[in-house]
Amino acid sequence: MTDAKPADWQSTACILCECNCGIVVQVEDRTLSRIRGDKNHPASQGYTCNKALRLDHYQNNRARLRSPMRRRADGSFEEIDWDTAIVEIAEGFKHIRDTYGGDKIFYYGGGGQGNHLGGAYSGAFLKALGSKYRSNALAQEKTGEAWVDAHLYGGHTRGEFEHAEVSVFVGKNPWMSQSFPRARVVLNEIAKDPNRSLIVIDPVVTDTAKMSDFHLRVRPGTDAWCLAALAAVLVQENLCNEAFLAEYVHGADTVREALRDVSVADYAERCGVDEELVRAAARRIGTAESVSVFEDLGIQQAPNSTLSSYLNKLLWILTGNFAKKGGQHLHSSLASLFSTVSGRTPVTGAPIIAGLIPSNAVPEEILTDHPDRFRAMIVESGNPAHSLADSTACREAFASLELMVVVDVAMTETARLAHYVLPAASQYEKTEATFFNFEFPHNGFHLRRPLLKPLEGTLPEPEIWARLVRALGVIDDAELRPLREAAEQGLEAYGEAFLGAVAGNPSMARLVPYVLYETLGPTLPDGMAGAAAVWGLAQKTAMTYPEAVRRAGHADGNALFEAILNSPSGVVFTAHNYEDDFALISHSDHKIALEIPEMLRDLRALSTPPPQLTTAELPIVLSVGERRAYTANDIFRDPSWRKRDADGALRVSVEDAQDLGLVDGCRARITTAAGSAEATVEITETMLPGHAALPNGFGLDYVDADGTTVVPGVAPNALTSTGWRDSYAGTPWHKHVPARIEALVGISSRS
């Protein structure tokens with residue numbers, strides 16, 4: 001592969017949110033010189049937001065690593081060669097395994113936005129060591145919802161907002177955070193259509209809320225009372241779809257009995273929303289031909305988060321908005337983001353949901369003298385020292401580990417705590433993909449080709465993990481030779497040989513991604529060896545959804561794999577009929593199991609007054625991690641891409657500003673139980689009294705063009721606590737942090 005000529009437009013994708021919209025790029029002198037939406041992308045169809053246009057700030061920032069790094073005894077780092085790094089790291093992990101057991105090796109990551117193929121190969125290395133505990137960013141957000149989904153129908157659902165008569169967004173601002181294809185186009189279409197409605201449940205007057213027909217502006221942390229009141233209206237005013245419930249749902253009568261006891265007037269008062277507005281919104285849901293619902297971090301990182309996930313799903317289940325155009329859908333997947341592993345963590349007994357340890361429990365699993373504590377850690381494409389609650393505790397925990405290895409493109413806050421840092425190729429220097437494929441009825445997958453050769457000194461993650469597995473010596477090269485020979489004969493011959501090999505060799509069966517990379521990978525087009533694991537996923541997908549795969553135009557797994565390889569803008573891999581939704585329910589009877597005893601117990605408990613989480617000392621609810629036009633995830637370390645809000649302002653209400661003596665542009669101190677920070681103030685009518693917000697993506701240090709280290713804005717997790725978490729999933733309460741705000745007299749961001 002050679003670097004692109006300036007006039008060549010190449011297909012790839014944005015990597016800044018889960019949508020991973022298709023883009024086309026011109027590359028010149030290793031810069032992404034021009035970027036625009038890819039009209040051939042099956043999901044985004046040429047759509048992109050403003051953030052994608054700034055992606056060269058990721059590709060070419062001065063924080064890029066160019067050599068493996070080893071930490072010295074004094075805490076400084078030295079460059080080492082790849083062979084030395086691989087040998088020493090492999091020996092270090094073998095020592096941990098042989099001394100304490102492989103289960104003492106903890107893994108965090110496996111993805112960053114759109115950076116997922118490496119995670120497939122790291123799994124082989126972990127299995128070779130006997131490591132079994134893992135976590136990632138999803139454990140800060142989605143595990144409560146995943147727990148509810150597993151009980152209800154066994155899979156993940158997504159609304160078909162493009163066709164929904166009523167769209168409901170709970171703690172979600174898709175105008176800024178996107179999360180479904182062509183989000184702003186779809187929102188504008190809804191807003192302009194008098195026959196469609198938009199319902200937003202959010203304490204903030206967000207961009208989406210400004211467009212809504214019904215804005216239920218709840219007090220922070222009271223979403224559960226609002227959602228319970230909406231569901232209660234559906235039951236009490238006979239707005240449920242009785243035929244649907246009778247045919248496709250178990251436990252509906254028990255749930256309705258609990259909702260009949262809800263005092264709508266009382267719950268509306270508790271959440272701060274006018275009762276008639278609650279009733280009007282519920283009636284709109286109950287009488288619509290189709291309803292789609294989306295929940296996000298606004299409730300997933302707040303009190304009662306798992307209960308709120310359950311209650312918001314009642315809105316579309318009770319009204320029968322499933323398996324119909326514009327409704328809610330289960331969907332096919334090329335690869336699941338979650339596993340079925342469950343249980344408890346070895347030290348604290350925290351719940352493991354969908355295979356993930358709660359992020360808030362991670363420091364506690366390390367900072368102890370418990371014999372089962374984690375002794376070593378691998379971090380791949382993540383920055384938990386910055387992104388997890390109570391970063392001070394996280395850094396103390398990581399610094400205490402006997403061995404820590406970080407694989408990343410930059411010397412992150414987490415990398416500085418590691419014993420070894422391995423420099424990865426960027427997402428535009430290797431074959432990559434995303435597995436956030438949630439659409440229905442047509443679901444797509446985008447395998448992205450490399451735009452550039454890897455930066456000198458870096459390696460793609462699949463090659464890093466392959467070298468580490470080789471160093472462990474778990475599979476002899478002679479065992480791989482027959483598969484390499486079969487791969488040269490074509491996919492059909494390879495498939496037959498592969499099935500026979502893994503059936504007769506337990507080591508190969510455990511390390512499938514590694515085997516694919518070593519044998520099929522060399523036969524793939526230049527620079528695309530990392531796509532080898534996709535062959536296995538394509539085979540599994542074709543077996544799991546045979547009719548939907550054929551309907552999408554792929555005769556079998558090999559045909560699907562070849563289509564993926566040969567479709568630079570992405571490919572539709574399944575085409576479902578609406579009735580397929582019921583077959584996708586994993587329960588044996590393919591019905592929704594609506595009755596979850598724990599959730600009904602908590603629903604009934606809402607009748608008692610909610611606990612007061614703020615105090616006289618910490619009277620303000622601080623929400624951290626707000627998405628804004630010029631915020632992005634941690635992979636954007638270079639702050640110069642921001643054209644507005646360069647310091648990540650602390651947004652406060654007009655009323656609080658008056659009470660606290662704050663003015664626009666002044667500096668203020670924010671204090672929580674975990675720590676304090678200073679920020680520039682922005683006074684806005686979008687915030688309720690007693691509610692303030694800080695954005696995501698700030699508090700990362702960066703060396704500017706003058707060689708000066710700058711740290712714009714506040715690192716949110718300097719202010720959060722690991723103790724404030726959901727009782728079921730352990731997800732953090734980042735959106736509900738009790739805080740105090742004080743003006744810094746005489747100090748202005750403009751002075």
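Hydrogens, waters and symmetry mates are skipped; everything else that's a heavy atom, side chains included, is used.
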For D74, side chain to side chain donor-acceptor pair (under 3.5 Å) partners two or more places apart: S76

Output, in order, the C-alpha distance, side-chain angles, deciding distance and verdict of side-chain contact (heavy atoms from CB on, under 4.5 Å) for L16 and F636. CA-CA 9 Å; L16 298 178; F636 251 29; 4.0 Å; yes

Side chains of H691 and S653 only: does a donor on one sit below 3.5 Å from an acceptor on the other? no

Show your reasoning for whether side-chain contact (heavy atoms from CB on, under 4.5 Å) applies to V218 and I201. CA-CA 7 Å; V218 294; I201 302 174; 3.9 Å; yes

Pick out which of T414, D634, N717 makes a side chain to side chain donor-acceptor pair (under 3.5 Å) with H386. D634

Please determine whether the number of non-hydrogen atoms from other residues, nucleotides or ligands lying under 6.0 Å from atom CD of E685 exceeds 12. no

Run the ring-ring contact (aromatic ring centres under 6.0 Å, His included) test against F374 and tell me which residues pass, sequence neighbours left out. F106, Y133

Interatomic spacing from CG in N136 to OG1 in T143 - rounded to 0.5 Å: 9.5 Å

Please assess E365 against T345 for the test side-chain hydrogen bond (donor to acceptor under 3.5 Å, both in side chains), listing each intermediate value before the final yes or no. CA-CA 8 Å; E365 295 290 329; T345 59; 2.6 Å; yes

Taking only residues two or more places apart in sequence, or in another chain, which ones meet T206 in a side chain to side chain donor-acceptor pair (under 3.5 Å)? none

Mind running side-chain hydrogen bond (donor to acceptor under 3.5 Å, both in side chains) on R667 and T680 for me, showing each step along the way? CA-CA 5 Å; R667 298 285 288 176; T680 300; 3.0 Å; yes

Just by distance, do the side chain of R217 and the backbone of P203 share a donor-acceptor pair under 3.5 Å? yes

Is Y702 reaching over with its side chain to a backbone N or O of R62, donor-acceptor style, under 3.5 angstrom? yes

Between R740 and T671 (side chain of the first, backbone of the second, donor and acceptor by atom type, cut-off under 3.5 Å), is there such a pair? no

Any donor-acceptor pair under 3.5 Å from T720 side chain to D390 backbone: yes

Nearest 0.5 angstrom please: I620 CD1 to L650 CG, how far? 9.5 Å

Contact between I15 and L55 at the side-chain level, heavy atoms closer than 4.5 Å - yes or no? yes

Return yes if some donor-acceptor pair links the side-chain N/O of Y58 with the main-chain N/O of Q427 below 3.5 Å, else return no. yes

Suppose we screen for ring-ring contact (aromatic ring centres under 6.0 Å, His included). Which residues come up paired with W733, at least two apart in sequence or across chains? W724

Should N173 and V200 count as side-chain neighbours, where that means a heavy-atom distance under 4.5 Å? no

Decide, yes or no, whether a salt bridge links R637 with D701 under the criterion of side-chain N to carboxylate O below 4.0 Å. yes

Partner set under ring-ring contact (aromatic ring centres under 6.0 Å, His included) for Y630, not counting sequence neighbours: W641

So which atom in S167 and which in I190 form the shortest heavy-atom distance, rounded to 0.1 Å? OG-CD1, 3.5 Å

Using side chain to side chain donor-acceptor pair (under 3.5 Å) as the criterion, list what pairs up with S309, not counting sequence neighbours. E295

Just checking E269: does its CD atom have more than 12 heavy atoms from other residues, nucleotides or ligands closer to it than 6.0 angstrom? no

Quick one: pull up CZ in R669 and CG in L744 and give me the separation to the nearest 0.5 Å. 5.5 Å

Side chain proximity check, Y108 to S387, heavy atoms < 4.5 angstrom: yes

What do you reckon, is CZ of R72 surrounded by more than 12 foreign heavy atoms closer than 6.0 Å? yes

Which atom pair, heavy atoms only, marks the closest approach of P174 to A183? O-CB, 3.8 Å

Which atom pair, heavy atoms only, marks the closest approach of R219 to R270? NH1-O, 2.9 Å

Any donor-acceptor pair under 3.5 Å linking the side chain of R54 with the backbone of S640? no

Ignoring hydrogens and angles, tell me if any N or O in the side chain of K735 forms a donor-acceptor pair with the backbone of V624 under 3.5 Å. yes

Pair Q140-S359, side-chain hydrogen bond (donor to acceptor under 3.5 Å, both in side chains): steps then yes or no: CA-CA 6 Å; Q140 290 208 94; S359 299; 4.9 Å; no

Is the shortest side-chain heavy-atom distance between R627 and Q178 below 4.5 Å? no

Pairwise side-chain contact, W147 with D726, heavy-atom cut-off 4.5 Å (strictly under): no

Candidate pair E413 and R395, rule side-chain contact (heavy atoms from CB on, under 4.5 Å), full reasoning: CA-CA 9 Å; E413 287 71 16; R395 293 175 189 187; 3.8 Å; yes

Any side-chain heavy-atom pair of P363 and F398 under 4.5 Å: no

Can you list the steps and then say if R725 with E364 is a salt bridge (charged side-chain N to carboxylate O under 4.0 Å, His left out)? CA-CA 13 Å; R725 65 178 86 165; E364 299 172 63; 2.3 Å; yes

State, to 0.1 Å, how close N360 and A389 come at their nearest heavy-atom pair, and which atoms those are. OD1-CB, 3.5 Å

Using atom types as modelled and distance alone, determine if a side-chain donor or acceptor of T412 lies under 3.5 Å from a backbone N or O of A415. yes

Could you check whether any side-chain heavy atom of P738 comes within less than 4.5 Å of a side-chain heavy atom of T615, counting everything from C-beta outward? no

Could you check whether any side-chain N or O of S308 sits under 3.5 Å from a backbone N or O of N304, counting only pairs where one atom can act as donor and the other as acceptor? yes

L138 CG to I353 CD1 distance, which is reported to the nearest 0.5 Å: 12.5 Å

If you measure from the Lys or Arg side-chain nitrogens to the Asp or Glu carboxylate oxygens, is any gap between E18 and K142 under 4.0 Å? no

Do you know the tightest heavy-atom contact between V293 and V170? CG1-CG2, 4.3 Å

Could you tell me the separation between the CG atom of D656 and the CD1 atom of I741, rounded to the nearest 0.5 Å? 6.5 Å

Does the pair K313/E145 count as a salt bridge with the N-to-O cut at 4.0 Å? yes

Would you sort out whether V621 and H736 count as a side-chain contact (heavy atoms from CB on, under 4.5 Å), showing the intermediate values? CA-CA 5 Å; V621 172; H736 206 281; 3.7 Å; yes

L618 vs T672 side-chain heavy atoms within contact, under 4.5 Å: no

Closer than 3.5 angstrom, by distance alone: can the side chain of R71 be matched with the main-chain N or O of L417 as a donor-acceptor pair? yes

OG (S263) and CG (L606) are apart, to the nearest 0.5 Å, by 12.0 Å

Closest approach of L367 to A393 (non-hydrogen atoms, all atoms of both residues): CD1-O, 3.9 Å

Ignoring hydrogens and geometry beyond distance, is a side-chain donor-acceptor pair present between N60 and T31 at under 3.5 Å? no

